[in-house]
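Only heavy atoms go into these numbers, but all of them, side chains included; no hydrogens, no water, no symmetry mates. Here is how names work: the chains are called A, B, and so on, in the same order as the sequence lines, proteins then strands, and each is numbered from 1.
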Protein chains: 2
Amino acid sequence: MDSLQKTENQEVSQEQIILDAASKVFMRKGYEGARMQEIADEAGINKALLHYYFRSKELLFHHIFRQSFRSFWPSIEPVLYKADSDIRSVIKAMVYGYANLLEKMPYLPNFIINEINRDPAKVAGLIQDAGIKPEMVVSAFERAMNKGEIVRMDPRELIVNIIGLCVFPVITRPLLGTLLYHEKHAYEQFLQSRKETACEFICRAVCLNFAAKSDF
Amino acid sequence: MDSLQKTENQEVSQEQIILDAASKVFMRKGYEGARMQEIADEAGINKALLHYYFRSKELLFHHIFRQSFRSFWPSIEPVLYKADSDIRSVIKAMVYGYANLLEKMPYLPNFIINEINRDPAKVAGLIQDAGIKPEMVVSAFERAMNKGEIVRMDPRELIVNIIGLCVFPVITRPLLGTLLYHEKHAYEQFLQSRKETACEFICRAVCLNFAAKSDF
DNA sequence: GTCTATAAAGAGATAGAC
DNA sequence: GTCTATCTCTTTATAGAC
């Protein structure tokens with residue numbers, strides 16, 4: 001009773017503070033690289049408390065990973081499902097959606113890729129658990145691609161291409177930043193302007209290059 | 001003296017066997033996830049021998065990582081440097097070059113990305129050490145892009161896009177295979193046909209869509 | 001609920017026989 | 001060069017006081 005009140009009076013629960021700290025550390029270091037001590041430090045509490053709340057590193061990690069996994073699949077912007085959306089709007093929504101997500105969580109893609117590599121078998125369960133319905137996104141693309149004179153291609157491949165073009169420059173930032181742009185700032189600038197240029201690149205690739213460019 | 005002869009008589013040196021085993025394990029599990037015991041098992045030898053040959057896990061890892069790092073930057077197909085290569089040939093060489101590399105070493109990109117995330121500061125040293133000259137590739141692209149009526153874009157961005165389109169579907173295979181293609185085989189087939197479709201996608205994006213398609 | 005102290009297991013590294 | 005046995009340190013996890 002007393003403990004319940006205590007929890008309610010806090011702005012954020014101790015549990016949430018731990019989850020935030022764990023998320024930060026796991027995302028950055030991965031499961032193997034993360035240390036319970038570092039998570040405790042980040043949360044400003046004692047190591048033993050982590051076990052009190054989440055029993056084991058494995059369980060704490062699962063909490064983080066499941067909730068991270070949900071955010072990676074496009075949280076299905078309304079525009080995707082408007083029946084009359086054209087492919088240009090759909091592409092734009094997708095690119096900007098990912099760009100915004102990645103600004104907030106740049107380590108998310110790598111985090112997910114690594115964990116799925118560590119245990120590929122659990123992918124199916126994760127998808128089900130997260131309530132992800134890929135068919136809806138695919139069919140939204142299919143519908144939009146059937147309007148206008150668009151090049152014929154598998155909508156799934158277009159989706160892979162879009163996500164890849166958004167994600168790749170972010171996860172390779174330290175490498176390509178130095179390799180091609182020589183300094184951090186130039187690459188950050190590139191990532192900024194890229195929202196537009198990626199849209200243009202993709203639209204041209206689906207043969208929309210001669211449509212109005214003004215709305216970019 | 002005796003030991004030297006012994007080494008020469010072997011088809012592959014013990015050192016090379018260890019390097020191969022270590023490469024396999026490190027690529028798959030990363031530095032943190034790899035275990036010296038697993039490397040020893042993979043090499044069919046004892047754990048202590050690893051230390052005899054390479055002193056520490058850290059040093060062994062560095063050997064592997066440096067040599068891996070070299071192979072990631074396009075090993076600069078001759079076609080890139082032929083003065084009269086058109087952009088279509090350059091794109092094709094790049095895409096097929098990476099496709100072949102990734103067939104042999106599918107875990108390479110993730111391996112490199114992870115390690116560079118673990119210690120971004122060392123990128124510059126690695127590039128220098130590997131003797132990578134990005135300017136040569138960039139200028140090869142620039143030259144090729146100045147022929148024909150190509151859309152104006154930063155050659156570096158085109159390079160990022162090409163590599164991303166090649167790499168992303170491979171490193172997300174377990175995820176996207178299940179999510180979009182529902183079975184392993186369908187995704188493998190997609191990756192096969194993708195060599196061509198990726199070329200087409202990119203060429204269209206640089207406005208080569210109306211040029212002859214027959215040579216694909 | 002939160003802490004300190006400590007147990008238990010894991011993993012890298014070394015010693016020393018052969 | 002190669003092995004077995006062992007040391008040492010790190011890290012997860014628990015016990016128990018408050």
Colleague: Does dT14(D) have OP1 or OP2 sitting under 4.0 Å from an N or O in the side chain of Tyr52(A)?
Modeller: no
Colleague: Asn46(A) side chain: which of dT2(D), dC3(C), dT14(D) is closest?
Modeller: dC3(C)
Colleague: Could you work out which one of dA13(D), dA11(C), dT4(C) sits closest to the side chain of Arg35(B)?
Modeller: dA11(C)
Colleague: Hey, does the Lys NZ or Arg CZ of Arg194(A) hover above the aromatic six-ring of Tyr181(A), less than 6.0 Å from the centre and inside 45° of the axis?
Modeller: no
Colleague: Which nucleotide sits closest to the side chain of Ser56(A): dG1(D), dA13(D), dT4(D)?
Modeller: dA13(D)
Colleague: Consider the side chain of Lys57(B), meaning its heavy atoms from C-beta on, and name the nucleotide among dG12(C), dT4(C), dT2(D) that approaches it most closely.
Modeller: dG12(C)
Colleague: Does a side-chain heavy-atom distance below 4.5 Å link Asn114(A) with Tyr31(A)?
Modeller: no
Colleague: Tell me the interatomic distance from Met36(B), atom CE, to dC9(D), atom P, rounded to whole angstroms.
Modeller: 18 Å
Colleague: Between dG12(C), dT2(D), dT12(D), which nucleotide has the shortest distance from any of its atoms to the side chain of Gln14(B)?
Modeller: dT2(D)
Colleague: Which one, dT14(D), dT14(C), dG12(C), comes nearest to the side chain of His51(A)?
Modeller: dT14(D)
Colleague: Counting the atoms with a prime plus P, OP1 and OP2 as sugar-phosphate, which does Ala40(A) contact under 4.0 Å by heavy atoms, base, sugar-phosphate, or nothing?
Modeller: nothing
Colleague: Whole Å only: how far is the NZ atom of Lys47(B) from the C1' atom of dG1(D)?
Modeller: 18 Å
Colleague: Leu49(B) CG to dA15(C) P: how many Å, rounded?
Modeller: 16 Å
Colleague: Rounded to the nearest Å, what distance is computed from the CD atom of residue Gln37(A) to the P atom of nucleotide dC3(C)?
Modeller: 12 Å
Colleague: Rounded to whole angstroms, how far apart are CZ on Phe54(B) and C1' on dT14(C)?
Modeller: 18 Å
Colleague: Output the rounded distance in Å from CG (Leu50(A)) to P (dC3(C)).
Modeller: 10 Å
Colleague: Identify whether the distance between the nearest side-chain nitrogen and carboxylate oxygen of Glu42(B) and Arg28(B) falls below 4.0 Å.
Modeller: no
Colleague: Taking the side chain of Ala48(A) as its heavy atoms from C-beta onward, which of dA13(C), dA15(D), dT2(D) lies nearest to it?
Modeller: dA15(D)
Colleague: Let me know the distance between CD1 of Ile18(B) and P of dC3(D), rounded to the nearest Å.
Modeller: 10 Å
Colleague: Specify whether Phe69(A) and Phe65(A) have parallel, tilted or perpendicular ring planes, treating 30° as the upper limit for parallel and 60° as the lower limit for perpendicular.
Modeller: tilted
Colleague: Below 4.0 angstrom, N of the basic side chain to O of the carboxylate: do Glu32(A) and Lys29(B) qualify?
Modeller: no
Colleague: Which whole-number value in Å describes the distance from Phe26(B) CZ to dA11(C) C1'?
Modeller: 13 Å
